[in-house]
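The structure presented is a predicted model; accordingly, all values stated were derived computationally and were not measured.
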Amino acid sequence: MIQKKYTLKRFKDAAELKPAADESKFLINYKNELNAAQYEAASAVDGAYLIIAGAGTGKTRTLVYRVSRLVELGYDPKSILLLTFTRKAANEMMNRASILLDNRCSKINGGTFHSFANLTLRKYAKAAGLDSSFTILDQTDCEDVINLIRSQAGFISKEKRFPNKQTLEKVFSLSVNTGRKIEEIIEADYPHFAEQLDKILDIQKVYANYKSKNNLLDYDDLLVHLKNFLLDFGAAAKSMLSSIKFVMVDEYQDTNKLQSEIVAGLTQLNNNLMVVGDDSQSIYSFRGANFKNIMDFPKQFKDVKIIKLEENYRSVQPVLNFTNLIIERAIEKYPKNLYTRKTGGELPVIIAAAKENLQSKFIVEKILDLREEGVPLRDIAVLFRSSFFSFDLEIELAKANIPFQKFGGMKFIETSHVKDVLAFLRIAANPRDVVSWYRVLLLHEGIGPKTAQKILDELATARLTIKANPEHITSFKYGDKLSALFHVLYKIHTEKSLPSEKAQVVMEYYYPLFKDKYDDFNKRKKDLDIFLNITENYKSLDSLLADMAIEPVIDSVIDIGAEDKENEFVTLSTIHSAKGLEWHTVFIIHLVEGFFPSSRSADNIDSLEEERRLMYVASTRAKQNLFLTYPMNMYSREEGITLSKPSRFISDIEPDSAEGWLLDEES
């Protein structure tokens, strides 16, 4: 028998072994469906990629096709993680990919940073040092806890002004998300509270201990614990990361320091990372977003390939020429030049109005003209740097009987009556949720803060509990009203029933309290009906509460108000709220130096550059017409009528990039 010699060889990298994809076998012809840059991004597999997607260049389409192509290549959909900033964006991408290819695409891991953190921490709670039944505090809850601490611990004195609960929550959250020290934030943004710094730091420590003791996590804690879990790189983290082959992050320019650290943590076992964003649309620093994340991405990750999407599918070329000019003057950027295959289009128009009211009257007249030309009201928007800039215009629109909707206002989840109902359910899920206990107790007549605190003390020492039938608690001394409350809480805590059934039990108990508490309970009742409808979609109370805390579902009916008789309306919006949207015609108003850019940004180059990006975002919302207006004379109570300067963003625009109009009373 002849023996053959066999030599063992080390396997090469898996990527090298993988045969080239045979596109002829794919269900989708990716090359035909996408432009060259989109195809390059969608067909990328291994490695780190930065996709610079200019406004209106088909970013979502590119991501959807990449998800579809990875699935067609045979990768397990569950090995693809897509992180977005809204659940709606994640769902839209998964739905579009499913329609494009098939239902396999719906099985990818898609969601917000916070929802992904919530699911991961509950699954790996022990390894992350947590109790899996933790309750998530929303912003208002955090403020209430902080207020409880600052009130009870004697931090407030009549002699010196002390920061309110909203300010403290904002400072603590900004510190966590940006990595800046509390001292630095107080010095930069709240120097008048510098003398109170020691007390502020003490409150932060008590707040952290309070959350830990009561099994509570706020939004920021979700991200902090996820980051620590990943970067500690224990056996559980390695197990989880081994199941993730591809990480994709949308709107990377909006990530904060903490989120960029999470992204780094997610790529410890492989470097298959694709982030998509536009440095020119980084406008959320006030929320903690870090412009440097997208600019420094090529330094932070290994062998990054940059792909630019520059073909615009939204706007006509004259609008794009104007927006290119705005951002070309930015100091730090990824150079790009937006272009379109669309033909035609008018030059943007810069309108100098003699006074503010004339600016408003011009916009009203132009809206009426556009409507006569067949442009629907819903395809017209007026954008502004700050909310109060539109007050005069709102009056003129009302006079002309033009329906409009101004974006902003309280969300469904932030309304106090919905928060009341949620508090009952949160106690059922986590009997140690002191914040919800406090809220529920104070709903009852005759129960003030002192009595509520006594009850909380008894709950803390287990002299009172909802885990046992209240009829068996012989020491109960709080009367029939609270006896009924404890019966309800005992029922929804111990019975194995659907969230909708638990919510119905709560609603029957809560309704008399609700009618006593709110004068406008008839209007508010619609929100409670909507909440009951929402609970029907859930089989688990934990998932209902997590979704309601992490991302509000719907606007409040009471805040929306009565529907317009006409279905369509003109949109009035701050630029921050308009990001991601588009209209046939866009008016950008009040382009006055000191207002846009704001006077606060004048001494800070980073702030001034963000104002420039804000102008770019506003301009790129326009598909066909772009009007830029400013009043030449402005009135203030202190100074009377003063001559204003046009914003630096429009003051030196060349005639071939924008047309100039002058408005006076006669015109």
Side-chain angles (χ1 to χ4, degrees), residues 55-56 314-316 318-320 322-323 326 345-408 568-593 595-597 611 614-632 634 644 646-647 649-651 653 657-663 667:
R314 175 187 297 157
S315 308
V316 293
V319 169
L320 296 179
F322 178 85
T323 57
I326 293 291
E346 302 292 330
L347 283 177
V349 182
I350 298 172
I351 298 116
K355 56 186 179 179
E356 185 179 4
N357 185 249
L358 205 57
Q359 172 184 252
S360 301
K361 285 178 175 174
F362 163 75
I363 293 167
V364 166
E365 189 175 308
K366 198 68 191 167
I367 288 170
L368 293 171
D369 288 346
L370 287 163
R371 198 179 186 194
E372 287 299 310
E373 291 166 16
V375 179
L377 291 183
R378 64 177 175 274
D379 217 357
I380 301 171
V382 182
L383 307 182
F384 30 84
R385 174 67 183 84
S386 298
S387 184
F388 63 87
F389 290 171
S390 71
F391 289 169
D392 185 77
L393 175 61
E394 288 169 44
I395 294 166
E396 292 300 327
L397 286 168
K399 280 185 197 170
N401 202 24
I402 297 174
F404 65 89
Q405 185 164 334
K406 189 172 180 178
F407 281 79
E568 55 169 352
F569 50 80
V570 172
T571 296
L572 308 187
S573 175
T574 61
I575 300 166
H576 285 103
S577 299
K579 186 171 171 288
L581 303 174
E582 59 183 44
W583 295 271
H584 174 280
T585 297
V586 169
F587 298 86
I588 307 173
I589 65 170
H590 230 80
L591 280 159
V592 173
E593 193 69 15
F595 289 88
F596 189 10
E611 295 280 303
L614 201 58
M615 179 67 186
Y616 171 84
V617 167
S619 305
T620 52
R621 301 309 95 201
K623 293 192 282 188
Q624 193 72 28
N625 299 326
L626 178 60
F627 295 98
L628 308 115
T629 72
Y630 73 96
M632 293 183 290
M634 295 182 65
S644 63
S647 165
F649 302 140
I650 58 169
S651 60
I653 296 292
S657 297
E659 200 174 320
W661 292 358
L662 181 64
L663 290 185
S667 64

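Note that NZ of Lys623 and CG of Asp379 are 4.5 Å apart. Values are rounded to the nearest 0.5 Å. To the nearest 0.5 Å, the span separating CD on Glu611 from CE on Met615 amounts to 11.0 Å. Of the inter-residue distances, the one linking Leu626 atom CG with Arg621 atom CZ reads 11.5 Å to the nearest 0.5 angstrom. The NZ atom of Lys361 lies 12.5 Å from the CG atom of Leu393; values are rounded to the nearest 0.5 Å. For the atom pair CG of Leu572 and CD of Gln405, the computed distance is 9.5 Å after rounding to the nearest 0.5 Å. Distance check, rounded to the nearest 0.5 Å: CD1 of Ile588 to CG of Leu628 gives 5.0 Å.
Annotation for Ser315 and Ala622: closest pair OG-O, 2.6 Å, computed over non-hydrogen atoms. Contact between Ile380 and Trp583 at its shortest, heavy atoms only, is N-CD1, 3.8 Å. Smallest separation of non-hydrogen atoms from Asp392 and Ser360: OD2-OG, 2.5 Å. Nearest approach of Ser390 to Lys406, heavy atoms of both residues: OG-NZ, 3.0 Å. For the residue pair His590 and Phe596, the shortest heavy atom distance occurs at O-CB, 4.1 Å. For the pair Val319 and Ser619, the tightest heavy-atom approach, listed with the atom from each and the gap, is CG1-O, 3.8 Å.
Distance alone, capped at 3.5 Å, is enough to place a donor-acceptor pair between the Arg314 side chain and the Thr620 backbone. The closest donor-acceptor contact from the side chain of Ser644 to the backbone of Met632 lies under 3.5 Å. Looking at Arg378, its side chain never comes within 3.5 Å of a backbone N or O of Glu568 through a donor-acceptor pair.
In this model, a donor atom of one side chain and an acceptor atom of the other lie less than 3.5 Å apart for Glu396 and Asn357.
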> Please walk me through it: do Thr323 and Tyr616 pass side-chain contact (heavy atoms from CB on, under 4.5 Å)?
Replying inline: CA-CA 6 Å; Thr323 57; Tyr616 171 84; 4.2 Å; yes
> Checking side-chain contact (heavy atoms from CB on, under 4.5 Å) for the pair His576/Arg385: CA distance, chi angles, key distance, verdict?
Replying inline: CA-CA 8 Å; His576 285 103; Arg385 174 67 183 84; 3.9 Å; yes
> Could you walk me through whether Leu591 and Gln359 pass the side-chain contact (heavy atoms from CB on, under 4.5 Å) check?
Replying inline: CA-CA 11 Å; Leu591 280 159; Gln359 172 184 252; over 6 Å; no
> Passes side-chain contact (heavy atoms from CB on, under 4.5 Å), Leu397 versus Ile363? Steps please.
Replying inline: CA-CA 9 Å; Leu397 286 168; Ile363 293 167; 5.6 Å; no
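Contact annotation: the side chain of Ile650 never approaches that of Ile326 to less than 4.5 Å [non-hydrogen atoms, C-beta and beyond]. Side-chain contact between Phe404 and Leu377 is absent, with no heavy atoms from C-beta onward closer than 4.5 Å. At least one side-chain heavy atom of Pro597 sits less than 4.5 Å from a side-chain heavy atom of Ser647. In this structure the side chain of Asn625 never reaches within 4.5 angstrom of the side chain of Lys366, judged on heavy atoms. The shortest distance between side-chain heavy atoms of Tyr630 and Ile350 falls below 4.5 Å. Using a 4.5 Å heavy-atom cutoff, the side chains of Leu368 and Glu365 are not in contact.
Using bins of under 30°, 30° to 60° and over 60° for the plane-to-plane angle, the ring pair Phe587/Phe627 lands in the parallel bin.
Considering only residues two or more places apart in sequence or on other chains, Glu659 meets the side-chain hydrogen bond (donor to acceptor under 3.5 Å, both in side chains) condition with Trp661.
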